[in-house]
Amino acid sequence: MVTTTQLRRAQPHLRQSAVAGYFFRRNGMNLTQKILNAHLVSGKPAAGEEVSIRIDQTLTQDSTGTMAYLQFEAMGIGRVRTMKSVAYIDHNTLQTGFENADDHQYIQSVTKKHGIFCSKPGNGICHQVHLERFGVPGLTLLGSDSHTPTGGGIGMLAIGAGGLDVAVAMGGGAYYLTYPKVVGIRLSGSLPYGVAAKDIILEVLRRLTVKGGVGKVMEYIGEGVKTLTVPERATIANMGAELGATTSVFPSDEVTRAFLKAQGREEDFRELSADADAEYDDIVDIDLNTLEPLVAQPHMPDNVDTVKNIGPIKVDQVFIGSCTNSSYQDMMRVARILKGKTVHPDVSLVIGPGSKQVLTMLARNGALADMLGAGARILESACGPCIGMGQSPKTNAVSVRTNNRNFYARSGTASAGIYLTSCETAAVTALTGVLTDPRTLDLDLTVEQPKQFEVNDNLVIPPVAEGKEDTVDVVRGPNIKPFPLGHDLENDVSGKVLLKMEDNITTDHIMPSNAKLLPFRSNIPHLADFCLTPVDETFPARAKEEKGGILVAGANYGQGSSREHAALVPLYLGIRAVAAKSFARIHQANLINNGILPLTFADEKDYDRIDQGDTLSLPGVREKIEAGEETLVLKNETKGETYAVKMPLTERQKGMILSGGLINYIRSNA
Ligand code: MIC
Ligand code: SF4
């Protein structure tokens, strides 16, 4: 059993006023450095160094949260020590069987007991609701969802992580990360008619690619920032996750104040910006006036071209919603485009407003009727089609969507091609039936921010008061199964290469999520039969037959979701190591947290020398790690070759790898 105090380590909780002082005192600092440094617990604040920071707020969602709370309980943490922790139920809301409802009940009871607010199904998508109701400029937010950076839209330093890291942060433990490089994305001008915030982030993705943000924070600066509303900033910060960035952040200014005021939370406002002489590791200049409507084509968010170049391809389905584009203003623009028109007969248009707040306001002002009148199918405020929870398109379909990921098979239909666009492009496309440039419209698309958003937090269940924890019984249904724990690292590790994969393998490949699988996020044995099946359907059976082995992958392995299941399920199947050209940030941390060795080829050409089925070994690996060796020898027993692989580990990571993961490490240090 570990006590909260042990977890919290020696980290003085700076008082708000002290933190505020930090923001205004220093010179030459960008906003990212200001927030990070004000929260620094350990380490040297220099790019590339491991630091740990204090976490003020956490969020979880149900599909990662169930596991995170099981781990939280396994650590023996009592009440949360954050300023605010919120659990959202927004992913698994189809309830096709008892499984989702069981998990919801578990989350609602476990959060009530441990000091966490629970946002019930129907209240909305975690990132949209957190922005509206809980986010505070200048604070840190750690979330068990890769799109947590949406909070950067109001000047939070909001980071996505695995559930285990979030569980530790809830207990008051620091969050460890590599101190990032900071890229200034300097915006000038203002968006022309028909061009949206989504087109800005698609332009950034086009230029920097899905690997371009690894190890970096994207900080938005320049005169153009002032022209963007909070929801527009949030769209951009949200999809910064697709760059592989640690997070993205906007200044907190008068636009932020107006948003918080309209949410009835002006007291949460703090003005924050980079110093005038702030330095950046790199600058990317974007003149908003020159942008045009863009599209990310299948199957990668950086496969970007203009609507004009792609041309009027025939479209079968349009989905407008998700945490990227489901704000009140987004929905109002869509309603305005649809009003009085009819969706093309060959198109299925589905719309999911982002939150109860948004949906209620649309219902009151008549915009919902305009959408329904045009033939839109309205979904509840949840993730829905974005994560394949319903609305899988037909075979070989073209689906135009406003969400952030178009990874292979994510929609639930492997043969479908998903095209990512702005709400404006999606709405006009739904009417014409072919991909259409919204600049062809002749409509006023300006939507003012309401003076007052409709606030009703009655779907947010507060925890019991401190001291009353024993009055709450945690309810566990039969869908909740024990999760696997790693074990002490042996001195010699060996195994067959069970699968050799290409670049950019996503967590949707490693642990697919769709309407059939998402209900089993608290049931690792069930999920194991689907691990890596989008790459090779025979993988789970072979892994079981071989009693585990090693994976080989190209660059950016594990990009996408923060789902820890992409490490837990391979752990369950006996995967000991992954040798790759490079790893995505959150997945690499999840592998280490679960005691799986993430090995990077010192020479990428060695990747070509390995074949699936080869037997690889790491002789004496435990002793080498204990001795602090960062370059290890990977032997190919089949081919009689050796390769140098790198696994630089901090002391803490070393502890986790040697003891078989974070939970064992915490327990052994308790
Ligand atoms: C996603 O968009 O891929 C998800 C579903 O929200 C994931 C979390 C999960 O897999 O549960 C994410 O982004 O982290
Ligand atoms: Fe939900 Fe999609 Fe956003 Fe993930 S990206 S949180 S699935 S809406």
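Please read these numbers as outputs of a predicted model, since none were measured by experiment. Index from 1, following the sequence. Order of listing sets the numbers, starting from 1, for every ligand and every atom in it.
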Practice item. Decide, yes or no, whether a salt bridge links Asp103 with Arg521 under the criterion of side-chain N to carboxylate O below 4.0 Å. Key: no
Check your understanding: Between His130 and Phe134, how do the two ring planes meet: parallel, tilted or perpendicular, split at 30° and 60°?
Key -> tilted
**Study point:** Under the side chain to side chain contact (heavy atoms under 4.5 Å, CB included) test, residues paired with Arg585 that sit two or more places apart
**Key:** Ile159, Tyr175, Thr246
Give a table of atom pairs where an N or O of ligand 1 lies under 3.5 Å from a protein N or O.
unit_1: ligand 1; atom_1: 2 (O); unit_2: Arg405; atom_2: NH1; d: 3.3
unit_1: ligand 1; atom_1: 2 (O); unit_2: Arg410; atom_2: NH2; d: 2.9
unit_1: ligand 1; atom_1: 3 (O); unit_2: Arg405; atom_2: NH1; d: 2.8
unit_1: ligand 1; atom_1: 3 (O); unit_2: Arg410; atom_2: NH1; d: 2.8
unit_1: ligand 1; atom_1: 3 (O); unit_2: Arg410; atom_2: NH2; d: 3.4
unit_1: ligand 1; atom_1: 3 (O); unit_2: Arg563; atom_2: NH2; d: 3.3
unit_1: ligand 1; atom_1: 6 (O); unit_2: His91; atom_2: NE2; d: 2.8
unit_1: ligand 1; atom_1: 6 (O); unit_2: Asp145; atom_2: OD2; d: 2.7
unit_1: ligand 1; atom_1: 10 (O); unit_2: Arg521; atom_2: NH1; d: 3.4
unit_1: ligand 1; atom_1: 10 (O); unit_2: Arg521; atom_2: NH2; d: 3.0
unit_1: ligand 1; atom_1: 10 (O); unit_2: Ser561; atom_2: OG; d: 2.8
unit_1: ligand 1; atom_1: 10 (O); unit_2: Arg563; atom_2: NE; d: 2.6
unit_1: ligand 1; atom_1: 10 (O); unit_2: Arg563; atom_2: NH2; d: 3.2
unit_1: ligand 1; atom_1: 11 (O); unit_2: Gln61; atom_2: NE2; d: 3.1
unit_1: ligand 1; atom_1: 11 (O); unit_2: Ser63; atom_2: OG; d: 2.5
unit_1: ligand 1; atom_1: 11 (O); unit_2: Arg521; atom_2: NH1; d: 2.8
unit_1: ligand 1; atom_1: 13 (O); unit_2: Asp145; atom_2: OD1; d: 3.4
unit_1: ligand 1; atom_1: 13 (O); unit_2: Ser146; atom_2: N; d: 3.4
unit_1: ligand 1; atom_1: 13 (O); unit_2: Ser146; atom_2: OG; d: 2.5
unit_1: ligand 1; atom_1: 13 (O); unit_2: Arg405; atom_2: NH1; d: 3.1
unit_1: ligand 1; atom_1: 14 (O); unit_2: Ser146; atom_2: N; d: 2.8
unit_1: ligand 1; atom_1: 14 (O); unit_2: Ser146; atom_2: OG; d: 3.3
unit_1: ligand 1; atom_1: 14 (O); unit_2: Ser561; atom_2: OG; d: 3.3
unit_1: ligand 1; atom_1: 14 (O); unit_2: Ser562; atom_2: N; d: 2.7
unit_1: ligand 1; atom_1: 14 (O); unit_2: Ser562; atom_2: OG; d: 2.9

**Study point:** Aromatic ring pairing His509/Tyr408, orientation class (parallel under 30°, perpendicular over 60°, tilted between)
**Key:** parallel
Review point. Just by distance, with hydrogens left out, do Gln61 and Ser63 show a side-chain donor and acceptor under 3.5 Å apart?
Key: yes
Check your understanding: Between the side chains of Asn325 and Asn403, does any donor sit under 3.5 Å from an acceptor?
Key -> no
**Study point:** Arg206 with Asp302: basic N within carboxylate O range, under 4.0 Å
**Key:** no
Check your understanding: Quick one: ring-ring contact (aromatic ring centres under 6.0 Å, His included) partners of Phe250, sequence neighbours excluded?
Key -> Tyr220
**Study point:** Neighbour list for ligand 2 [protein residues, heavy atom under 4.0 Å]
**Key:** His91, His127, Asp145, His147, Ser322, Cys323, Cys383, Cys386, Ile387, Asn404, Arg410
Exercise for review: Classify the side-chain pair Ser522/Thr66 by whether it contains a donor and acceptor separated by less than 3.5 Å.
Suggested key: no
